[in-house]
Amino acid sequence: MKRVRVRYAPSPTGFLHIGNARTALFDYLIAKHYGGDFVLRIEDTDIERNVEGGEESQTYFLHWLGITPDESPANPNPKYAPYRQMERLDIYTEYANKLIEEGHAYRCYCTSEELEEDYQRQKAAGYASTRYNEKCYHLDEAIKKQYQEEGRPFSVRLHVPEGKTYTFDDMVRGEITFESKDIGDWVIVKSNGIPTYNFAVVIDDHLMEISHVFRGEEHISNTPKQMMLFEMFGWEIPRFGHMTLIVNETGKKLSKRDNSIMQYISQYKDQGYLPEAMFNFMALLGWSPKGEKELFTHDELIAEFSEERLSKAPSMFDVTKLTWMNHQYLKALDDAKWLEFIKEFVDGKFGLNDREEAWVDTLLLLYKEQCQYGMEINELISQFFVDPVLGDNEKDVLSWETTQAVASSFLKHLPQDWTVENLKEAFNTVKTETGLKGKPLFMGLRVSATHQSHGPDLMSTLYLSGHDVVKKRLEDYVL
Ligand code: GLU
């Protein structure tokens, strides 16, 4: 069997978006599942639309997600390099000339005004879609020669074969067919000498020995154009597959303009989503495993991936599910990893750098089970940085006689050496001394010492509130 080589070929016209990242992930999974190569190629021929930093964003965030290319501009295999299309222009010119010589392509001298005029005429005549009128295909040899000598600007057009049917077995959708009569002669090299996407992609996929072309569904209608080129060159056609759309919760296509959903991988990183969770979540956007299991490691996903289970229906981008998944991954971190991760997200306004490490670690570990994404930590820990206001519920607890008993006993046994362990010991003494248990004991202490009726683990909360604050609250209440 031919070596499996799958490419992800972004145009650096923006930053790594959830849709692109998903395509890259599936390209990667196919390649790795079959023990093949995952190739990153930069399709930067649309020079007006390229954005500064677009390529860097793609590369950086793919690595971050763990979708690491085996070959890329930064890590080229000399056999296939270069990996940026704008560095391959000579190659495209050579192949375009070959097609011209063989009569498959021709120089088109029509100006954009002429073309526009003709398209308007076709529209006015009621044609559903407009196409090139093939004027330059039929140009007289003498005229062609004259134009060439004059150095008239030209584009290169492919002459679409007549009466041909292009059928491919799409990895997602099964058999898809196009008729050549529905496709007009199309431009393969623009008048500025830069190839069009549909032309460059075929040359590259062939020369880079790509076995599977797997991409978004917007490229389905490009596939026959690419197939005709493969055929004209006599090259083997790769396996094609087109993923279904990603839609939002209302079933609408995820659009880059939709601000209700974060759509760039950088945003998820900044909010404190783990790359492993994103990887896992995106793998289920368009593919489903056998059975009910949803949490998969990187290697499990590579092993489990199967073309048969690619989804034919659009995949819903369910943020709640992503957050749930991230939460599961965060909970599974060991304490040291959690602390290392979460410290990056704590707002400087809390001044944790000026606190003792043991205090900081106790604070952050307190929320390891609860925190769903990194930035959420700021909301969670904020209770330790404001003086809570007593509500009706708390006032009620303070009115209980048992609360008086618990608070005064605890005040008596308040440890000098302020540790969670010593606080637990003091608590046990209070329990014996007062003979209380359950709600009167726990709630009484919680409200009298923390002024809140809800919160994380009580002993840690007391420890974090600090000796002086706890003492003062109890004294004010008891005395
Ligand atoms: N550069 C194209 C894009 O970003 C790649 C399409 C393809 O994979 O063939 O949409």
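- The local environment of CD in Glu307 is crowded, with over 12 non-hydrogen atoms from other residues, nucleotides or ligands closer than 6.0 Å.
- Going from atom OH of Tyr95 over to atom CZ of Phe199 covers 9.5 Å, rounded to the nearest 0.5 Å.
- For His219 and Tyr197, the gap between ring centers is short of 6.0 Å.
- Aromatic rings from Tyr273 and Tyr373 are positioned such that their centres are separated by under 6.0 Å.
- Around the NZ atom of Lys437, the shell of radius 6.0 Å holds no more than 12 heavy atoms that belong to other residues, nucleotides or ligands.
- Using a 4.5 Å cut-off on side-chain heavy atoms (C-beta onward), Trp418 and Val470 make contact.
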- request: Check step by step if salt bridge (Lys or Arg N to Asp or Glu O under 4.0 Å) holds for Asp44 and Arg88.
  value: CA-CA 11 Å; Asp44 52 356; Arg88 301 172 62 84; over 6 Å; no
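- Minimum interatomic distance between Asp457 and Thr461 (heavy atoms only, all atoms of both residues): O-OG1, 2.6 Å.
- Taking each heavy atom of Pro314 and Thr244 in turn, the nearest pair found is CA-OG1, 3.8 Å.
- Counting only distance, with no hydrogens or angles, the side chain of His33 and the backbone of Tyr28 share no donor-acceptor pair below 3.5 Å.
- Remark: the backbone N or O of Leu474 is not paired with any side-chain donor or acceptor of Ser448 at under 3.5 angstrom.
- The 12-atom threshold is exceeded at NZ of Lys293, counting heavy atoms of other residues, nucleotides or ligands nearer than 6.0 Å.
- The six-membered or imidazole ring of Trp287 lies away from that of Phe214, with a centre-to-centre distance of 6.0 Å or more.
- Leu310 CG to Lys312 NZ: the interatomic distance, rounded to the nearest 0.5 Å, is 8.5 Å.
- Listed here is the closest heavy atom pair of Phe15 and Glu52: CE2-O, 3.9 Å.
- In this structure, the separation between CD on Gln58 and NE2 on His17 is 11.0 Å, given to the nearest 0.5 Å.
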message: Between Trp400 and Val397, is the side-chain contact (heavy atoms from CB on, under 4.5 Å) condition met? List the steps.
response: CA-CA 6 Å; Trp400 301 344; Val397 176; 3.9 Å; yes
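- A donor-acceptor distance shorter than 3.5 angstrom exists from the side chain of Gln267 to the backbone of Tyr264, with no hydrogens or angles considered.
- Geometrically, Arg22 does not engage Phe317 in a cation-pi contact defined by less than 6.0 Å to the ring centre and at most 45° from the axis.
- In this structure the side chain of Asp387 reaches within 4.5 angstrom of the side chain of Arg473, judged on heavy atoms.
- Side-chain atoms of Lys32 come within 3.5 Å of backbone N or O of Gly36 as a donor-acceptor pair.
- At least one side-chain heavy atom of Ile203 sits under 4.5 Å from a side-chain heavy atom of Phe233.
- Asp205 pairs with exactly one of Arg41, Arg215, Arg239 by the salt bridge (Lys or Arg N to Asp or Glu O under 4.0 Å) rule, that one being Arg41.
- A donor-acceptor pair under 3.5 Å links the side-chain atoms of Thr23 to the main chain of Gly19, judged by distance alone.
- Every ring pair (Phe, Tyr, Trp, His ring centres under 6.0 Å) that Phe279 has, sequence neighbours left out, goes to His298.
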message: One pair to check against side-chain contact (heavy atoms from CB on, under 4.5 Å): Leu436 and Val406. What are the steps and the verdict?
response: CA-CA 8 Å; Leu436 293 166; Val406 169; 3.5 Å; yes
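- Here the side chain of Tyr477 pairs a donor or acceptor atom with the backbone of Leu398 at under 3.5 angstrom.
- At most 12 heavy atoms of other shown residues, nucleotides or ligands fall within 6.0 angstrom of atom NZ in Lys431.
- Every residue two or more places apart in sequence or in another chain that forms a side-chain contact (heavy atoms from CB on, under 4.5 Å) with Thr45 is listed here: Gln85, Met86, Ile194, Pro195.
- We find the CG-CH2 distance between Leu464 and Trp359 to be 5.5 Å, quoted to the nearest 0.5 Å.
- Between Glu71 and Arg5 there is a side-chain heavy-atom pair separated by less than 4.5 Å.
- Under the 30°/60° scheme for interplanar angles, the aromatic rings of His206 and Trp235 are found to lie parallel.
- The CG atom of Leu339 sits 10.0 Å away from atom CG of Leu363, with the distance rounded to the nearest 0.5 Å.
- When atom types are taken as modelled, the side chain of Asn248 and the backbone of Leu254 share no donor-acceptor pair closer than 3.5 angstrom.
- Annotation: side-chain contact (heavy atoms from CB on, under 4.5 Å) contacts of Thr419 (sequence neighbours excluded): Asp417, Glu421, Asn422.
- Between the side chains of Asn222 and Asn198, at least one donor-acceptor pair of N or O atoms lies under 3.5 Å.
- Counted by atom type alone, Tyr83 and Asn77 present zero donor-acceptor pairs between their side chains at under 3.5 Å.
- Taking the ring centroids of Phe427 and Phe442, they lie under the 6.0 Å cut-off.
- Under a cut-off of 6.0 angstrom, the local environment of NZ in Lys252 is sparse, with at most 12 non-hydrogen atoms contributed by other residues, nucleotides or ligands.
- If you take NZ on Lys368 and CG on Leu333, they are separated by 6.5 Å, rounding to the nearest 0.5 Å.
- For the pair Leu62/Tyr8, a side-chain contact is recorded, criterion being any heavy-atom separation below 4.5 Å from C-beta on.
- Looking only at distances, no side-chain donor or acceptor of Asp70 sits under 3.5 Å from a matching main-chain atom of Asp37.
- Side-chain atoms of Tyr329 and Asn280 include a donor-acceptor pair closer than 3.5 Å.
- A distance-only check finds a donor-acceptor pair linking the side chain of Trp338 to the backbone of Leu364 [under 3.5 Å].
- Heavy-atom minimum distance, Phe38 versus Thr68: CD2-O, 3.7 Å.
- For Glu394 (side chain) and Gly391 (main-chain N/O), a donor-acceptor pair under 3.5 Å exists by modelled atom type.
- Between Tyr463 and Leu366 the shortest side-chain heavy-atom distance does not fall below 4.5 Å.
- For the pair Trp64 and Ser266, the minimum side-chain heavy-atom distance is 4.5 Å or more.
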message: The test is side-chain contact (heavy atoms from CB on, under 4.5 Å); show your working for Glu294 and Gln328 and say whether it passes.
response: CA-CA 11 Å; Glu294 288 193 297; Gln328 309 311 307; over 6 Å; no
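- Counting heavy atoms from C-beta outward, Leu65 and Leu16 have side chains that approach closer than 4.5 Å.
- Taking a cutoff of 4.0 Å between a charged side-chain nitrogen and a carboxylate oxygen, Lys472 and Asp476 qualify as a salt bridge.
- Annotation: cation-pi geometry not satisfied between Lys337 and Phe341 (NZ/CZ under 6.0 angstrom from ring centroid, within 45° of ring axis).
- In Arg49, the CZ atom is not crowded: 12 or fewer heavy atoms of neighbouring residues, nucleotides or ligands sit closer than 6.0 Å.
- When all heavy atoms of Ala277 and Met325 are compared, the pair lying nearest together is O-SD, 4.0 Å.
- Across every non-hydrogen atom of Gln372 and Asn326, the tightest pair is O-ND2, 2.8 Å.
- Exactly one residue among Lys79, Arg3, Arg7 makes a salt bridge (Lys or Arg N to Asp or Glu O under 4.0 Å) with Glu209. That residue is Lys79.
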